[in-house]
Amino acid sequence: MPDPFDLDDDGPQPSPSAPVQIAPPPAMAMPWLDGLNADQRRAVEATEGPVLVLSGAGTGKTRVLTTRLAFILVTGKARPWNVLAVTFTNKAAREMRERIATLVGPAAEQLWLGTFHALGVRMLRRHAALVGLESNFTILDTDDQLRLLKQLMDAERIDGKKWPAQVLLSTIQRWKDRGLAPQRVSAGDAGDLAGGRAIALYELYQERLKALNACDFGDLLLHCLTIFQDPAHAGILADYQQQFRYILVDEYQDTNVAQYLWLRLLAQKHKNLCCVGDDDQSIYSWRGAEVGNILKFEQDFPGAQVIRLEANYRSTPAILATASGLIRHNQGRLGKTLRPGHQHAEAGERVLVRGLWDGEEEARWVVEEIEAQQRAGTRLGQIAILVRAGFQTREFEERLITTGVAYKVVGGLRFYERQEIRDALAYFRVVVQRADDLAFERIVNLPKRGLGDASLQAMHVLARRQGVCLTEAAAQLVQTDELKPKARSVLAALLGDFDRWRSMLDGLPHPELAGTILDESGYTGMWQQERSPDAQGRLENLKELVAALEEYDSLPGFLEHVSLVMENDERSDAERVSIMTLHGAKGLEFDVVFLPGWEEGVFPHQRALAEGGVKALEEERRLAYVGLTRARRRVFISHAANRRIYNQWQNSLPSRFIEELPADSVDRLAEQGLFGGAAESATAWAASWNSVTPVRRQRQDVTTPSVAGDAPDDGYRPGDRVFHQKFGYGRVLGVDGNKLEIAFDKAGQKKVIDSFVAPA
DNA sequence: GATAATCCGGTTTTT
DNA sequence: CCGGATTATC
C-alpha cells in the first residue's frame, strides 16, 4: 500500500511555466460524470472561483470530491501537482487517493493530497530554517509536550497544582489552533492562567521546542503561517499560490482558524477554493474546530457559490425525517433538509425508541434485537452500536460475549499510543537523533538502571550550563566524578550502547537493528521478567513493531511516518458487530444502528449540560444527528431508567432529544406505555419502576468480596485466600502482625497491610 | 529508589 | 468504584 505520508519524495517539481490546457477535448470520455445528480454535477463542474458544497449525510460527498478532482485533471485544467487536496485523517486521504487513482490512474500519485498536518510538514521541511528549525526537526507527541511544559513550569516556579500542565498545554494548543503565536495572544485571552504568566510560558515553550529542533502538531501549520506572512519571504507564499491552481478541502466544518488562514493564504491567487462540509455534523469544537468557518464562507470569499447536496442515498425516509426533525432544534445552521434520493418507494420502518429498566437489561435487549436482525439476514458487519462515551461499551461487550455474538470495539487505544511502543520508539529516536532529549529522558532509566532523579538532575544542570543536549551532557559527565561510581559506569555503558547502535545504522538492516536495540538495552528483558498479565501482549506488540519496520526503507523514515500517522490498521475481515463512539462513527454507515444510553447526563453528556450554554447542547444534538444518519435501514434508540455510574445507582430521565424526535416517524415502546409526552411522564415512569425495585433482582455484588472491614476476628492465617482491590486474588504466605505476605495470582508476591485485603 | 498507600477525577480524538 | 498520579515510607 502506498504510504500517503511519504510526501518528501522527489516527485515532479511544480512548473508554473508548463503549458496548461484549458478546454477539454470535445470527445473526452468521462463516463463517471453520468451517474451524478444535477447538484452533484454542478459541484463537480463549478471549478472556477470559491465554492462551498454543503453536503448532508449520505449525499455522495466523497464521490463528488473525487470526481471533481478527476474532472480537473482529465480536462487538463491543471496538472496533478497544481492541485491541493486536504483532508483531516490519513484514512480519508488514503481512500481519496485510491478512488482518484481508479478514475485517472497514476496521475493521482502526483497530487498534493494529504492531511493539513502532512502537507504542513512537507512545506515546513523545505523552509524550516526560516523559523529557526533544521529540516530534520522532530514532531513531538503529547507525552513529550507535557513533559516539556512541566519542566518549564518547574523552572518558572509555576504551581502545577493550581495550574495543571495539562490545562495549560491545551490552552496553548487552542491558541495555536487559532493561529496565534505567543506575541499575538492578548492579555485578556490569557487571563490569570498560570498566575498571569501563561503567555510567557507559551513563549518559553516555543523557544524550548526550537532548541530541541522540534515541533508540536500545532506548529506544523503555525510555522507555515509565520513564513507565509513574513514580508521578507513573500516569494515563498507567492510560489505556492502560483502552484496551487485548485484547492479542495474535505470536512470544512472541522477546520480551525489556523487551517482556515492557511487555506485562505494559499488560495489568494487563483481563488479556486472548494470547501466541502456539513455544518450539522460539526462535532469537534472541543478540539479547536470552528463552525464559524463554514457559516461565514460566503463573507470570507466574496462571490462564492453555494451548492447544497440534499438528496440522500443512504437512509430510509423514516430515518431521514427523524434526523431532520431533531436537527431542526438547532439555531444558527445554514439550513439544509435531507430528502430521500431515488431508491425508497416506502418510508421504511419507524425508528424505535425503547425504554428499559437498567443498563443490563438494555444490553440484553440490544443483543436480542441484533440476533433477530441476524436471523432476518442482516450481516453482523452491517450492525453497529454507537455510544456517547467509551465506558459505555463494557455492558454491551459483556452481553455479546455471553451470547457468543462476534463483535469488535473500534477505536480503543491505538497501537502507537501504547506505552511499550512509545518506549521503543524513544530508543529509536535517541539513536537517530542524539539530541532528542525528551526521548532520552524517557528511557534513560527504563529498564531501571539506577539512574534516578539525582543523575538526571546532574545531566540537566550540565546541559543547561553548556547549552548542549542531554546525551552530550551525559558524555561529559561520565568523564568527571560528579556521579556516584555506580551511576557513572551504568551511564557510560548506556552511552556506549547508543554509539554502537548509531554506528550500525547504515550497516545492519533496520528491522534487525531495532531488534538489537530493544534486546541489548534490556527493554525486552524488562517485560519478560514482568509477571503481570499484560506483559505477554506487550512483547507481542514490540514484535509487531519490529515487523512493521520492514515496510519502511529506513529507521528515520519510519519515525517520521509514526509521528504523523499514529494509526492502527485493523485487519480482520470477519463479520462482527461494531461498537464505537458516535465521534468514531462519523463518515461510516451501517444497515442497522443502535443508539443506547439516550438519557439526560449521559447523552447529552453531563458536562455539556453543566456548561449551560446552548452551544454545547447543540453540539450534542449534532452528535445525535450524526448517529441517526449512519443508518441505512433501521435505528433503535434506547434509554434506561436506572444506571450505575461509578458503581452508584442513579435513576435517570430520558434524553431531551427523544422528546425532540418527530412523533410520526418514531415508535415508542416502554413498559406500561408511560411515554406520553413531557419529562414529567418520564419521571412517573421511573417512579413506577422504582416501586417494583425491591424484588426485582439482586445484584451480583454478592459474589464480589467486599472491601476491608470484614477481616476474620482471629486474623489471617497462611493458606487463606484473600482479595485485594488492586492486586486481585491471592493466598496468604505469612503473617507478621498486621502485615501479610501474599502471593497474588496475577500480581506476584507482595507485602500488604491486612486492612487492605478481604477474605475470598 | 522502589514499593505501598492515598488522592483525585472521571467525554468526545486526530494529527 | 477504578486507574493513574502523587506522596509517604522503608
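In the model, A/Glu362 has no side-chain atom that pairs as donor or acceptor with a side-chain atom of A/Gln392 under 3.5 Å.
As a whole-Å value, the separation of A/Asp250 CG from B/dT15 P is 13 Å. Taking atom CE of residue A/Met580 and atom P of nucleotide B/dT14, one finds them 12 Å apart after rounding to whole Å. The NE2 atom of A/His583 sits 10 Å away from the P atom of B/dT14 (whole-angstrom rounding). The distance between atom CG of A/Asp177 and atom C1' of B/dT13, rounded to the nearest whole Å, is 13 Å. When rounded to the nearest whole Å, the span between CD1 of A/Ile283 and C1' of B/dT11 equals 12 Å. Put simply, CD1 on A/Ile645 is 15 Å from C1' on B/dG9, counting in whole angstrom units. Whole-Å rounding puts the A/Asn445 CG to B/dG1 C1' distance at 9 Å. Straight-line distance from the CZ atom of A/Arg622 to the C1' atom of B/dT12: 13 Å, rounded to whole Å.
Taking for each of A/Leu451 and A/Glu619 the nucleotide of DNA chain B with the nearest heavy atom, the 5'-most of the two is the partner of A/Leu451. Sequence order on DNA chain B of the closest nucleotides to A/Glu620 and A/Arg449 puts A/Arg449 first from the 5' end.
When each of B/dT15, C/dT6, B/dT13 is scored by its nearest atom to the side-chain atoms of A/Lys150, the top-ranked nucleotide is C/dT6. In this structure, the nucleotide among B/dT13, B/dT15, B/dT11 sitting nearest to the side chain of A/Phe217 is B/dT15.
Among the protein residues, A/Gln173 comes within range of no part of the nucleic acid, since none of its heavy atoms lies under 4.0 Å from any strand. As judged by a 4.0 angstrom heavy-atom cut-off over every strand, A/Gly218 is placed among residues making no nucleic acid contact. Using a 4.0 Å heavy-atom cutoff across all strands shown, A/Gly390 reaches sugar-phosphate atoms only and no base atom.
Considering only side-chain N and O atoms, A/Thr581 lies nowhere under 4.0 angstrom from the phosphate OP1 or OP2 of B/dT11.
Taking the ring centroids of A/His583 and A/Tyr284, they lie under the 6.0 Å cut-off.
Contact annotation: the side chain of A/Phe228 never approaches that of A/His223 to less than 4.5 Å [non-hydrogen atoms, C-beta and beyond].
B/dT14 has no base stacking with the ring of A/Tyr284 when judged by centroids under 5.5 angstrom apart and an interplanar angle below 30°. Remark: ring of A/His605 overlaps the six-membered base ring of B/dT11 in a stacked fashion, centroids less than 5.5 Å apart, planes less than 30° apart.
Here the separation of B/dT12 from C/dG3, taken at their P atoms, is 16 Å to the nearest Å. Comparing C/dC2 with B/dT13, their C1' atoms sit 22 Å apart, to the nearest whole Å.
For A/Glu482 and A/Arg488, the salt-bridge test fails: no basic side-chain N is under 4.0 Å from an acidic carboxylate O.
Not counting sequence neighbours, A/Tyr625 has no partner by the ring pair (Phe, Tyr, Trp, His ring centres under 6.0 Å) test.
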